**Q** 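Quick one: the structure is below, and I'll ask about it shortly.
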Amino acid sequence: MRRAALPALAALALFACSPAPEAANPALWRVEGPHGEVAWLFGTIHSAERPLQWQTPKVREAMAAADTVMVEVANLANEAEVAATFARLARSEGEPPLSSRVAPDKRPALAALLKRGGYSDGDFAAIDTWAAALTIAQAGADKDQARNGVDRAVMVAAGNRPVIELEGAARQLGLFDALPEREQRDLLAAVVTEAQSSDSDIAASWREGDMARIEAETRKGLLADPELRTVLFVGRNRDWTGKVSAAMRQGKSPFVAVGAAHMAGPEGLPAMLAGQGYKVTRIE
């Protein structure tokens, strides 16, 4: 029973309440093209302990001016569908015990992480390594925090405007599924290592719009691995940049809401769009 439930639980936790919303001042950029095209880039947070007051006056103004909303995954609220996608891609057969998929020096920390989540070493025999890594990464987490994620709130605020999916759950999870086993094991090792480190308050950085601190986080953990960084960060940002640019050329004025980490640094969306000749200005 435990083994059958793992993929579904992990999917719900991945796609990430107090009744009192927490004040926030998140980062927002305006993008202008050479022929009057305009877009806005808004860095979200996928989960939070409390609801967030993310609609600052400038964010509300940008959303009101936009005619389209672009997000990573459009069906986050359909948790059953996301869970089914995860389960389908995660399915495997005859996988070895999870402890054998990490180096010996990582095994005590892995055992502690499994215990925290209520799992055993053999629970993942029918699950790919990447899926096991994402599952145990949520050990001890409150799955309801994903419902406080700003991505979902943005889609609700979109109202009747079109919501365009930049990636989708199947494609997003498919990136993990397509990783070679060696990289999947690097992902698992990074999850175990991060679980041992002190938890940086990424939520506070997001609320304060502190992109320097957020960028620093993108240089740690799994994104410090060159191959994983290329697939999970740089490649996705490049793909999304092309889609945002295409939407603007088609006459759309999109409000682009993706995880704030994807806005950070020289490989983030603002920098990539600026590199294509757009004028990109941080307005909050």
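Every value quoted in this text rests on a predicted model; they were computed, and no experiment measured them.
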**Q** Please examine the side chains of Leu187 and Thr129, heavy atoms only from C-beta on, and report whether any two atoms are closer than 4.5 Å.
**A**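 Not touching, per the 4.5 Å side-chain cut-off.
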
**Q** If you compare all heavy atoms of Pro254 against all heavy atoms of Asp67, which two are closest, and at what distance to 0.1 Å?
**A**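 Distance-wise, the nearest heavy atoms are N-OD1, 4.3 Å.
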
**Q** Check the side chains of Tyr278 and Ser245 for a donor-acceptor pair under 3.5 angstrom, ignoring hydrogens and angles.
**A**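 Checked: Ser245/Tyr278 side chains pair up, N/O donor to acceptor below 3.5 Å.
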
**Q** Nearest 0.5 Å please: distance from the CZ atom of Arg207 over to the CD1 atom of Ile202.
**A**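 Answer for the CZ-CD1 pair, Arg207 versus Ile202, is 11.0 Å.
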
**Q** Show the nearest heavy-atom pair for residues Pro270 and Val280, with the distance to one decimal.
**A**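 The pair with the smallest heavy-atom distance is O-CG2, 3.7 Å.
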
**Q** Under 3.5 Å, side chain of Asp201 to main-chain N/O of Ala204, donor-acceptor pair present?
**A**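 A pair under 3.5 Å: yes.
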
**Q** Show the numbers, then the answer: is there a side chain to side chain donor-acceptor pair (under 3.5 Å) between Thr281 and Arg30?
**A** CA-CA 5 Å; Thr281 307; Arg30 179 182 171 93; over 6 Å; no

**Q** Could you walk me through whether Val31 and Glu37 pass the side chain to side chain contact (heavy atoms under 4.5 Å, CB included) test, one step at a time?
**A** CA-CA 8 Å; Val31 183; Glu37 310 97 320; over 6 Å; no

**Q** Taking the side chain as every heavy atom from C-beta outward, state whether Arg116 and Ile136 have any atom pair closer than 4.5 Å.
**A**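 No, side chains not in contact.
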
**Q** Leu28 versus Arg282: any side-chain heavy-atom pair under 4.5 Å?
**A**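 In short, these two side chains do not touch, never coming nearer than 4.5 Å.
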
**Q** Answer with yes or no whether the side chains of Glu267 and Asn237 bring together a donor and an acceptor at under 3.5 Å.
**A**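 Checked: Asn237/Glu267 side chains show no N/O donor-acceptor pair below 3.5 Å.
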
**Q** Does Trp54 have any ring-ring contact (aromatic ring centres under 6.0 Å, His included) partners at least two apart in sequence or in another chain, and if so, which?
**A**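 For Trp54 the ring-ring contact (aromatic ring centres under 6.0 Å, His included) partners, ignoring immediate neighbours, are Phe42.
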
**Q** Mind checking whether Leu269 and Arg236 have side chains closer than 4.5 Å, heavy atoms only?
**A**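 Contact flag for Leu269/Arg236 side chains = no.
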
**Q** Can you list the steps and then say if Thr56 with Arg60 is a side chain to side chain donor-acceptor pair (under 3.5 Å)?
**A** CA-CA 6 Å; Thr56 65; Arg60 282 196 297 271; over 6 Å; no

**Q** Between Arg161 and Ala157 (side chain of the first, backbone of the second, donor and acceptor by atom type, cut-off under 3.5 Å), is there such a pair?
**A**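 Such a contact is found between Arg161 side chain and Ala157 backbone.
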
**Q** Please check this pair: side chain of Glu167 against backbone of Glu72, looking for a donor-acceptor N/O pair closer than 3.5 Å.
**A**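 Side chain of Glu167 to backbone of Glu72, a donor-acceptor pair under 3.5 Å: no, none is there.
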
**Q** Can you give me the closest heavy-atom contact between Asp128 and Glu95, atom names plus distance?
**A**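 Taking Asp128 first and Glu95 second, the nearest heavy atoms are OD1-OE2, 3.7 Å.
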
**Q** Flag the pair Phe124 / Leu188 as yes when at least one side-chain heavy-atom distance between them is below 4.5 Å, and no otherwise.
**A**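 With C-beta onward as the side chain, the pair stays apart.
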
**Q** Counting only N and O atoms by type, is there a donor-acceptor contact under 3.5 Å from the side chain of Thr135 to the main-chain atoms of Ala131?
**A**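 Yes, the answer is positive, given that a donor and an acceptor are paired below the 3.5 Å cut-off.
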
**Q** Any idea which heavy atoms bring Ser253 and Ala65 closest together, and the distance?
**A**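 Where Ser253 meets Ala65 most closely, the heavy atoms are CB-O, 4.5 Å.
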
**Q** For the pair Asp239 and Arg171, find out whether any cationic side-chain nitrogen is under 4.0 Å from an anionic carboxylate oxygen.
**A**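 Judged by the 4.0 Å cut-off on N to carboxylate O distance, Asp239 and Arg171 do form a salt bridge.
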
**Q** Measuring only between side-chain heavy atoms, which start at C-beta, is Leu76 closer than 4.5 Å to Asp151?
**A**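 Leu76 vs Asp151: side chains touch.
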
**Q** Checking the side chain of Glu284 only, and the main-chain atoms of Ala27 only, is there a donor and an acceptor separated by less than 3.5 Å?
**A**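 No.
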
**Q** For the atom pair CG (Leu41) and CE (Met70), what is the distance rounded to the nearest 0.5 Å?
**A**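 CE of Met70 is found 10.5 Å from CG of Leu41.
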
**Q** For the atom pair OG1 (Thr68) and CD (Gln250), what is the distance rounded to the nearest 0.5 Å?
**A**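 Separation between the atoms: 9.5 Å.
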
**Q** Restricting to non-hydrogen atoms, name the atom on Leu232 and the atom on His262 that form the minimum distance, rounded to 0.1 Å.
**A**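 It is O-CE1, 3.9 Å.
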
**Q** For side chain to side chain contact (heavy atoms under 4.5 Å, CB included), just list the numbers for Leu113 and Val191, CA-CA rounded to whole Å, side-chain angles, deciding distance to a tenth of an Å, and then say yes or no.
**A** CA-CA 10 Å; Leu113 194 54; Val191 165; 4.2 Å; yes

**Q** CE of Met263 to OG1 of Thr44: how many Å apart, nearest 0.5 Å?
**A**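 One gets 7.5 Å once the value is rounded to the nearest 0.5 Å.
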
**Q** Indicate yes or no: at least one non-hydrogen side-chain atom of Pro21 is less than 4.5 angstrom from one of Leu52.
**A**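 Pro21 vs Leu52: side chains apart.
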
**Q** Which atoms form the tightest heavy-atom contact between Ile127 and Arg101, and what is the distance?
**A**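 Between these two residues, the closest heavy atoms are O-NH1, 3.4 Å.
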
**Q** Is the backbone N or O of Ala170 less than 3.5 Å from a side-chain atom of Gln172, with the two atoms forming a donor-acceptor pair by type?
**A**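 Flag not set: sc Gln172 to bb Ala170 has no pair under 3.5 Å.
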
**Q** For Arg185, which residues count as a side chain to side chain donor-acceptor pair (under 3.5 Å) partner, sequence neighbours excluded?
**A**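 So Arg185 forms a side chain to side chain donor-acceptor pair (under 3.5 Å) with Glu181.
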
**Q** Would the distance check show the side chain of Trp206 and the main-chain N or O of Gly43 forming a donor-acceptor pair, the cut-off being under 3.5 Å?
**A**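 Side chain of Trp206 to backbone of Gly43: a pair is present.
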
**Q** For a side chain to side chain donor-acceptor pair (under 3.5 Å) check, start with the C-alpha distance between Thr218 and Glu215, then their side-chain angles and the critical distance, and finish with the verdict.
**A** CA-CA 5 Å; Thr218 71; Glu215 182 186 2; 5.5 Å; no

**Q** Looking only at atom types and distance, does a side-chain atom of Lys106 sit under 3.5 Å from a main-chain N or O of Ala189, one as donor and one as acceptor?
**A**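 No, Lys106 side chain to Ala189 backbone: no donor-acceptor pair under 3.5 Å.
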
**Q** Does Ile283 offer a backbone N or O that forms a donor-acceptor pair with the side chain of Lys58 under 3.5 Å?
**A**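 Side chain of Lys58 to backbone of Ile283: a pair is present.
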
**Q** I would like to know whether Arg213 and Glu217 meet salt bridge (Lys or Arg N to Asp or Glu O under 4.0 Å); could you show each step before the answer?
**A** CA-CA 6 Å; Arg213 284 167 58 191; Glu217 291 301 315; over 6 Å; no

**Q** Indicate whether any N or O donor in one side chain lies under 3.5 Å from an N or O acceptor in the other, for Glu227 and Thr230.
**A**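 On atom types as modelled, these side chains do not qualify, holding no pair under 3.5 Å.
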
**Q** Taking the six-membered ring for Trp and the single ring otherwise, decide whether the centroids of Trp130 and Phe86 are under 6.0 Å apart.
**A**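 Yes, the ring of Trp130 comes within the 6.0 Å limit of the ring of Phe86, centre to centre.
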
**Q** Do Val71 and Val163 have side-chain heavy atoms sitting under 4.5 Å apart?
**A**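 The answer is yes; the side chains approach within 4.5 Å.
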
**Q** Apply salt bridge (Lys or Arg N to Asp or Glu O under 4.0 Å) to the pair Arg147 and Glu79, showing each step before the final yes or no.
**A** CA-CA 10 Å; Arg147 292 168 186 166; Glu79 296 176 346; 2.8 Å; yes

**Q** Going by distance alone, is a donor N or O of one side chain under 3.5 Å from an acceptor N or O of the other, for Arg107 and Ser99?
**A**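 Arg107 vs Ser99: no donor-acceptor pair found between side chains.
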
**Q** Evaluate side chain to side chain contact (heavy atoms under 4.5 Å, CB included) for Val69 paired with Val154, printing each intermediate quantity in order.
**A** CA-CA 8 Å; Val69 173; Val154 167; 3.8 Å; yes

**Q** State the OG1-CG distance between Thr193 and Leu110, to the nearest 0.5 angstrom.
**A**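 One finds 10.5 Å between OG1 of Thr193 and CG of Leu110.
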
**Q** The test is side chain to side chain contact (heavy atoms under 4.5 Å, CB included); show your working for Leu222 and Asp186 and say whether it passes.
**A** CA-CA 8 Å; Leu222 66 94; Asp186 285 348; over 6 Å; no

**Q** Is the CD atom of Glu22 crowded by more than 12 outside heavy atoms at less than 6.0 Å?
**A**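 Correct, the count exceeds 12.
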
**Q** So, Asp121 side chain and Leu98 main chain: donor-acceptor pair closer than 3.5 Å or not?
**A**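 Flag set: sc Asp121 to bb Leu98 pair under 3.5 Å.
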
